[in-house]
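Along the sequence shown, residues carry numbers from 1. Because the structure is a prediction, the values reported are computed rather than measured.
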Amino acid sequence: MRVLRMMLRPLVGILLVVPSLEAQDIKLGGQIRPRFEFRDTANVGNGNFTSMRARGQLSARLDNGVSIMFQVQDVRIWGEETSTLGDFSANQFDLHQGYLNVESRGSVKFAARAGRQEINFGGQRLVGAVDWTQQARSFDALKVSADGSLGDVYLLGAVIANDITPAHDDTEYFWGAYGRVQSAVPGTLDLYGFLNDVGTLGTKQYTLGARWWGQAGMVRYRAEGPYQIGDRLGDEVTAYMFGRRVGLLFAGGKADVVLWYDYLSGDDDLDDTKVKVFDTLFATNHKFYGLADLFLNIPVHTAGRGLQDAALKSGVNLGGNARIAAEFHSFRVAQDQDLTTARLAEELDLTLSYQLGNNMKLWGGYAGVFVQDGLGEIGRLTENVNWFYLMVNAWL
């Protein structure tokens with residue numbers, strides 16, 4: 001952490017010597033997160049590697065509800081440098097977040113945040129930062145919010161790609177509105193709408209949906225159902241998904257069991273000009289479809305056939321700061337079409353975590369994927385997968 005402080009000291013100096021900023025509260029932060037992984041797939045081979053995220057950040061409150069934040073990161077795999085001495089170009093160093101935030105307080109709190117930023121909406125079903133990945137996701141965006149006694153509303157405009165830059169041939173925008181109502185029904189009701197707009201590719205896709213979630217006594221519940229219409233790559237879109245979850249808490253909240261089912265629509269005719277497969281947009285799919293990450297990119301990873309996920313999840317706090325959890329998933333396509341079976345795979349996930357003090361957490365996990373014929377028939381895997389990881393997260 002001393003290294004992070006030294007890295008960020010020049011930024012602190014800038015804030016202190018520029019009178020117009022008049023910083024009132026300056027905070028330093030940082031994170032070091034190495035993760036060892038071993039993956040064994042019979043028809044692909046096995047391999048192991050250690051990746052690492054190193055972050056440093058500075059935030060400062062200025063006058064009149066104005067604040068700024070800089071967050072830089074380096075993401076690497078151990079051993080990737082060409083030399084222990086001769087490689088010093090810092091080519092993995094990047095600005096992960098850097099934004100200006102303006103707030104006004106009253107009976108309704110308004111805020112506007114402009115710049116590069118992580119964005120998480122709801123359970124991250126459609127928009128999330130994917131923090132499990134070492135690099136995580138951030139948007140170049142303007143986000144405006146209003147927070148009152150009845151709920152809150154967020155408006156989003158993000159530039160995903162700009163054709164004036166060397167990296168892109170097209171310009172892509174992502175627009176969104178997300179609202180939360182806390183008093184209209186038992187629990188909390190979220191309503192949202194998103195628009196993907198890439199005019200040169202014939203994409204103007206709308207995603208409209210609702211999410212209802214809450215807790216009644218020892219029962220937790222959640223239901224979500226987005227619907228997609230418009231055009232995707234020049235073809236007409238009609239697609240949908242729905243998810244249901246019911247969980248029970250035991251032993252004073254120290255243990256839980258969750259029943260889970262998701263259905264993402266798929267194409268029943270891959271050769272026509274109508275698209276019926278659901279697109280999960282910018283979701284954090286690692287949270288939902290198994291730790292082995294077989295289905296991070298939907299619809300690509302299910303070959304346009306959609307996905308069904310029936311799961312049983314359970315976790316127990318072992319006392320102190322330790323927790324053990326287990327999940328079992330059964331994956332099937334939503335449209336089997338010419339496949340001999342709809343079954344893709346079953347997956348067993350086990351995790352153990354331990355909070356070591358206020359600034360460090362240890363994780364270990366295992367995922368076993370039992371591959372079925374359907375996964376091979378869509379061009380994915382034909383043999384079982386075993387995956388194991390150990391991770392340390394330390395932050396300032």
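A salt bridge links Arg343 with Glu346: the distance from a Lys NZ or Arg NE/NH1/NH2 to an Asp or Glu carboxylate oxygen falls below 4.0 Å. The pair Lys204-Asp197 counts as a salt bridge, with a side-chain nitrogen and a carboxylate oxygen less than 4.0 angstrom apart. Using a 4.0 Å cut-off between a side-chain N of Lys or Arg and a carboxylate O of Asp or Glu, Asp190 and Arg222 do not qualify as a salt bridge. A salt bridge links Asp268 with Lys276: the distance from a Lys NZ or Arg NE/NH1/NH2 to an Asp or Glu carboxylate oxygen falls below 4.0 Å.
When the shell of 6.0 Å around CG of Asp169 is examined, it contains 12 or fewer heavy atoms from other residues, nucleotides or ligands. Residue Phe288 places its CZ atom among more than 12 non-hydrogen atoms of other residues, nucleotides or ligands, all under 6.0 Å distant. Heavy-atom contacts from other residues, nucleotides or ligands closer than 6.0 Å to CZ of Arg35 number more than 12.
Looking only at side-chain heavy atoms (C-beta outward), Glu347 and Phe370 stay at 4.5 Å or farther from each other. Side-chain contact between Phe242 and Pro226: absent, with no pair of heavy atoms (C-beta onward) separated by less than 4.5 Å. Contact of the Gln215 side chain with the Leu249 side chain is registered, since non-hydrogen atoms from C-beta on lie closer than 4.5 Å. A heavy-atom distance below 4.5 Å is found between the side chains of Arg180 and Arg211. Residues His96 and Val72 form no side-chain contact, since every pair of their non-hydrogen atoms from C-beta on lies 4.5 Å or further apart. Between Tyr173 and Val198, the closest side-chain pair of non-hydrogen atoms is not below 4.5 Å. In this structure, the side chains of Trp387 and Leu291 come closer than 4.5 Å at one or more pairs of heavy atoms. When side chains are defined from C-beta on, Arg332 does not count as touching Tyr263, because their heavy atoms never get closer than 4.5 Å.
Here the closest heavy-atom approach between residue Arg53 and residue Ala136 is recorded as NH2-CB, 3.9 Å. Heavy atoms only, all atoms of each residue included: Gly193 and Leu208 are closest at CA-CD2, 3.9 Å. When all heavy atoms of Val258 and Arg245 are compared, the pair lying nearest together is CG1-CG, 3.5 Å. Residues Ser353 and Lys361 come closest through the heavy atom pair CB-CE, 3.8 Å. A pairwise comparison of heavy atoms in Asp140 and Arg116 identifies OD1-NH1, 2.8 Å as the closest pair. The shortest non-hydrogen separation linking Leu318 to Leu352 is CD1-CD1, 4.2 Å.
A donor and an acceptor atom, one from each side chain of Ser330 and Asp309, are nowhere located under 3.5 Å apart. Checked by atom type, the side-chain pair Gln31/Asn393 shows a donor-acceptor distance below 3.5 Å. For the residue pair His168/Asp163, the side-chain donor-acceptor check at 3.5 Å is not satisfied.
Side-chain N or O atoms of Glu81 include none that pairs as donor or acceptor with a backbone N or O of Gly79 at under 3.5 Å. A donor-acceptor pair under 3.5 Å is absent between the side-chain atoms of Thr284 and the main chain of His286, judged by distance alone. Checking side-chain atoms of Arg137 against main-chain N and O of Phe282 turns up a donor-acceptor pair under 3.5 Å. The main-chain N or O of Val66 is never found under 3.5 Å from a side-chain atom of Asn64 such that the two would form a donor-acceptor pair. Side-chain atoms of Thr203 come within 3.5 Å of backbone N or O of Leu233 as a donor-acceptor pair. Side-chain atoms of Gln73 come within 3.5 Å of backbone N or O of Gln135 as a donor-acceptor pair. Judged by distance alone, with hydrogens and angles left aside, the side-chain atoms of Arg76 form no donor-acceptor pair with the main-chain N or O of Ser51 at under 3.5 Å. A side-chain donor-acceptor contact under 3.5 Å links Gln97 to the backbone of Glu118. A donor-acceptor contact shorter than 3.5 Å is absent between the side chain of Asn120 and the backbone of Gly128. Looking only at distances, a side-chain donor or acceptor of Ser265 sits under 3.5 Å from a matching main-chain atom of Tyr240.
With Trp213 as the aromatic partner, Arg220 does not meet the cation-pi criteria of under 6.0 angstrom to the ring centre and within 45 degrees of the ring axis. Note that Arg113 lies in the cation-pi zone of Tyr99, set by a 6.0 Å cut-off to the ring centre and a 45° limit from the axis.
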Run the numbers on Leu248 and Val219 for side-chain contact (heavy atoms from CB on, under 4.5 Å), then give the verdict. CA-CA 5 Å; Leu248 298 176; Val219 178; 3.5 Å; yes

Apply side-chain contact (heavy atoms from CB on, under 4.5 Å) to Arg305 and Leu339, showing your working. CA-CA 10 Å; Arg305 291 170 170 83; Leu339 303 179; 3.7 Å; yes

ring-ring contact (aromatic ring centres under 6.0 Å, His included) for Phe121 and Tyr192? Distances and angles first, verdict last. CA-CA 9 Å; Phe121 283 142; Tyr192 53 81; 8.7 Å; no

Evaluate side chain to side chain donor-acceptor pair (under 3.5 Å) for Asp262 paired with Trp260, printing each intermediate quantity in order. CA-CA 7 Å; Asp262 288 346; Trp260 179 294; 3.2 Å; yes

Arg33 vs Asp131, side-chain contact (heavy atoms from CB on, under 4.5 Å): CA-CA, chis, key distance, verdict: CA-CA 11 Å; Arg33 196 176 78 171; Asp131 188 64; 3.4 Å; yes

side-chain contact (heavy atoms from CB on, under 4.5 Å) evaluation trace for Phe388 with Asp40: CA-CA 9 Å; Phe388 171 80; Asp40 180 17; over 6 Å; no

Working for ring-ring contact (aromatic ring centres under 6.0 Å, His included), residues Phe194 and Tyr206: CA-CA 6 Å; Phe194 301 111; Tyr206 300 86; over 10 Å; no

With side chain to side chain donor-acceptor pair (under 3.5 Å) as the criterion, how do Glu236 and Thr273 come out once you've worked through the C-alpha distance, each side chain's angles and the decisive distance to 0.1 Å? CA-CA 7 Å; Glu236 182 183 352; Thr273 59; over 6 Å; no

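Tyr227 is not connected to Trp212 by any chain of hydrophobic side-chain contacts under 4.5 Å among Ile, Leu, Val, Met, Phe, Trp and Tyr, and they are in different clusters. Cluster membership check: Val257 does not share its hydrophobic cluster with Met218, using side-chain heavy-atom separations under 4.5 Å among Ile, Leu, Val, Met, Phe, Trp and Tyr. Trp363 and Trp132 fall within the same hydrophobic cluster, where Ile, Leu, Val, Met, Phe, Trp and Tyr residues are linked whenever their side-chain heavy atoms come under 4.5 Å apart, directly or through other members. Both Leu264 and Val127 are part of a single hydrophobic cluster, where members link through side-chain heavy atoms under 4.5 Å apart. One hydrophobic cluster, built from ILVMFWY side chains closer than 4.5 Å, holds both Val333 and Val371.
Each of Leu296, Leu307, Leu294, Thr302 was evaluated against Tyr289; a single residue qualifies, Leu307, per the side-chain contact (heavy atoms from CB on, under 4.5 Å) test.
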